[in-house]
Every structure is written in C-alpha cells, then in structure tokens.
Amino acid sequence: MPLNSYDDFTRLSEIVVGSAAHYLGHDRDLTFELFFHEAIGGYRSDWAYPRLAARSTGQAQRWKINQQYTEELHEDVENLATTLAALGITVHRPLPLPENAEPIGGLGWQAAPIPALNIRDNTLILGNEIIETAPAIRSRYLETRLLTPVFRRYFDTGARWSTMPRPTLTDTSFDLSYTRDAATTLGGPTEPVTDPQPSPYDVGLEMMLDGAQVLRLGQDLIVNIAQDNHRLGADWLERHLAGRFHLHRVWRMADNHIDSMLLALKPGVFLARHAGLRDMLPDAFRTWRFIVPPEPDPGSFPAYTDTDLVLTSPYIDINVLSLDEQRVLVNADCTGLIKTLENQGFTVIPVQHRHRRLFGGGFHCFTLDTCRAGGREDYR
C-alpha cells in the first residue's frame, strides 16, 4: 500500500517493527550520556567522562549488556512482530545489524553501531512523507540505513523521502544548558554534563530532533522542545512542512521524547503520565480527556544489579501501540495500566516485553506505523 500515516490511533494496516539482532552494548560517550543523563545519573561518577586520552581519539567506553537480557529482548521483539502479523497487519522489518559490525565514524569520532530497534526515534512519518530526522547519539548515526529497503519500497509507490541536515556531533554541537539547570528536568535534579572537548570540526550548536518528540494529530503536530538543538530541528521541520501541517511547540514536557509522557488513544482522549500535562498543551487540546494510569508497580520490572544500565523511567509502559481507536497493545506485566484502559472501554492486547528499561523503549518506540486509515483531519 502507499505510505499514509497521520496519527497514532486510526486503523493500522502496515507497520515496521524494529530489530534487536546483535544488540550487545552501549557506547558511553558524551552523546549517549547527554541523551540519557536523567536516567543514568547514579552511574555518572564512574562512567560519564572516560579518561581524556581515550576521549581525544573519539573513542567511547563500552558498556556490555548481559547476554540473557539481549536474548530475551530478541524473543520479545520477534513475538511483537508475530503478534501484529497474526492480527492481520502487514509487518516490515529493517535489515538486521550484522554480527561483529564494523564501527561507524564521523568527523573526529567513532562509535559501535546498534541495531534499528527504537525506530520511532530517527524517522518521522507524516502523511505520505518519510522524514529521516537528525540523530543526537553517535552510535545511531547510520541507523536509518538499515531501514533503506523499506523506505525504498514506499518511495517506489509514490512516497516523498526527505532527510533533515545531518549534525556533525562534536562535543560542542550540543546545548548543555538544560542539564545544568536542575529546576528544568522532569524528574528533578540531575548531575550536570560538563567538560565538552574541542574539535577542529566544531561548527557550533546543531539541529537535532527525534521523531519521538513529535505527537501526530492529523494536521497538527505537537513538538517537545527542551533545548536549542531541538529548537533548531523544529525550525527546520516547520519550514519544511509550511502550509501542510500546523506545528505547536511545548516546552520541556520531557528531556527528549514525548511518547512516554503523552499518547493519543483516539480523538479526544490522551493517555498521560499525569494530569498536569494538560497545562502544557495548546489550548485546542486541553479539553481532551486525560487517562492517567496508577503509579508503576516496582514488582512488574525485573530486578537488576549495578552492572545493568537502566535507561528509562518506570513510566515506560505508557509507551503503548494503538491498532485502532479501540484496541491497544500493552505490556503484559503492566497490570495497572491494563485495568485502567479496560475500565475506560478499550480492548487491551497484552504482549510480553521484559527489559524495556534496559533498551530505552516500549511498543511505540519499537515500531513505525506506515499505513493508517486516518488522513489530515482536524482534531481540535
């Protein structure tokens, strides 16, 4: 089918499900630390800034992931793809990351690539257009190349295919101000990210914006902006889409992604981390009903040790995937959320996802919906 995806809740017919093949570890450089600074503050004193001798070569320290967890992640992702296919949805997959993949590199840096798992991040689908967004983590710089065969098939059926300007990603490319201002981060004070190293390739602050910072509501886009890299990315997006979509900016709803804070389940209904998010939205969307699930149950997550790097908050299970305005895929372990949605009249399809906190995403993050029934409607 031709590419057509304007929202996250009308009837889904085609989707891309990410791959966890050969997900072995994390490169812990400034770009990784900055992106996840709130979640991993407890590890910062030992790992955030490797010795200058190592950093001067553009190398990062490698944090290996327990093999059991990577195998279980792969099982859960494959089960997600199988579940969607069994529900009659056409499922596309990225190329798997090769085993022992060679490092990738840019101007003055090198990183070990990770598989195309959280594919919502580096791509934004708006109607019949694929937009590859500007990545903020070096190890993910070429991630969308693993999606090239899928994108090419949609391009061949008439889709537009655009790419935001690619950042250089030197240390000084980043606006570090929001990590230095404890009052602005969602979860409270965090340790500052400091000591960026100069590079002969420095070009100043650059645009960076993830697709998961954008909430798609037909002709309206709500974009989370936490710092100047995001602002520049939103400027580019607004100009690129001029006359086709209305772009609304919200300020620091999250440090980066919006989809573990707020998701639209159907016109007039949001799933939200807390009711206070209403005040951050454009006036036209403040009248929507907010469904707020109970606080996460600590017992619903695996027990990890200090050698396991936790990347997301316990609220990650808000990251659900709607199949239509009635059916929602939810983590089977999140019983409080399941009960809440069922009490609100939704049909919940529980699917296993054990290690969501280690790999930075839920079902919405792991997928990229490419064909939905909705169009450029006005939901205001």
Side-chain angles (χ1 to χ4, degrees), residues 27-38 40 44 48-61 103-111 113 121-124 131-145 162-186 190-214 221 223-242 247-258:
D27 266 9
R28 300 207 49 186
D29 59 11
L30 179 139
T31 68
F32 181 91
E33 295 290 323
L34 178 60
F35 193 89
F36 292 108
H37 81 282
E38 190 169 33
I40 61 179
R44 186 163 304 285
Y49 294 104
R51 291 179 298 276
L52 293 182
R55 293 195 64 211
S56 66
T57 63
Q59 300 292 326
Q61 294 212 32
I104 61 173
L107 296 175
W109 58 265
Q110 191 175 73
D121 297 354
N122 289 326
T123 303
L124 180 61
I131 300 176
E132 296 186 43
T133 56
I137 300 178
R138 291 170 183 152
S139 60
R140 304 187 66 182
Y141 198 78
L142 297 179
E143 186 178 304
T144 49
R145 300 284 57 78
S162 305
T163 301
M164 292 181 70
R166 310 294 284 182
T168 308
L169 293 185
T170 66
D171 285 7
T172 61
S173 297
F174 295 86
D175 174 11
L176 302 180
S177 62
Y178 79 122
T179 70
R180 295 169 178 160
D181 182 358
T184 63
T185 54
L186 182 69
T190 61
E191 296 188 35
V193 176
T194 57
D195 194 32
Q197 299 299 301
S199 164
Y201 305 107
D202 289 338
V203 296
L205 293 180
E206 298 187 272
M207 66 177 68
M208 300 171 205
L209 188 75
D210 278 2
Q213 290 175 239
V214 182
L221 307 175
V223 183
N224 180 60
I225 308 297
Q227 29 86 342
D228 276 344
N229 301 122
H230 301 161
R231 179 187 58 78
L232 290 168
D235 287 348
W236 181 91
L237 186 63
E238 187 168 43
R239 295 172 199 175
H240 179 75
L241 299 173
L247 191 145
H248 311 270
R249 301 168 191 238
V250 296
W251 179 244
R252 288 181 175 167
M253 180 178 287
D255 280 353
N256 289 287
H257 297 168
I258 202 170

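Between Thr163 and Thr144, the closest side-chain pair of non-hydrogen atoms is not below 4.5 Å. Residues Ile131 and Met164 form a side-chain contact, since some pair of their non-hydrogen atoms from C-beta on lies under 4.5 Å apart. Counting heavy atoms from C-beta outward, Arg249 and His230 have side chains that stay 4.5 Å or more apart. Taking 4.5 Å as the limit, every side-chain heavy atom of Asp210 sits out of range of all side-chain heavy atoms of Asn256. Side-chain contact between Gln227 and Phe174 is absent, with no heavy-atom pair separated by less than 4.5 Å. Within the 4.5 Å cutoff, no side-chain heavy atoms of Val214 are placed close to those of Thr133.
The aromatic rings of Trp236 and His240 lie parallel to each other, with less than 30° between the two planes, well short of the 60° mark.
Under 3.5 Å, the side chains of Thr170 and Asp202 contain a donor-acceptor pair of N or O atoms.
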Checking Asp27 against Ser139 for the side-chain hydrogen bond (donor to acceptor under 3.5 Å, both in side chains) test, could you report, in this order, the C-alpha distance in whole Å, the side-chain angles of both residues, the deciding distance, and whether it holds? CA-CA 7 Å; Asp27 266 9; Ser139 60; 5.9 Å; no
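Salt-bridge formation is not detected for the pair Asp29/Arg140: no Lys NZ or Arg NE/NH1/NH2 atom is positioned less than 4.0 Å from an Asp or Glu carboxylate oxygen. Taking the charged nitrogens against the carboxylate oxygens, Arg145 and Glu132 do have a contact shorter than 4.0 Å, which makes a salt bridge.
Nearest heavy-atom pair across Pro113 and Pro103 is CD-CA, 4.0 Å.
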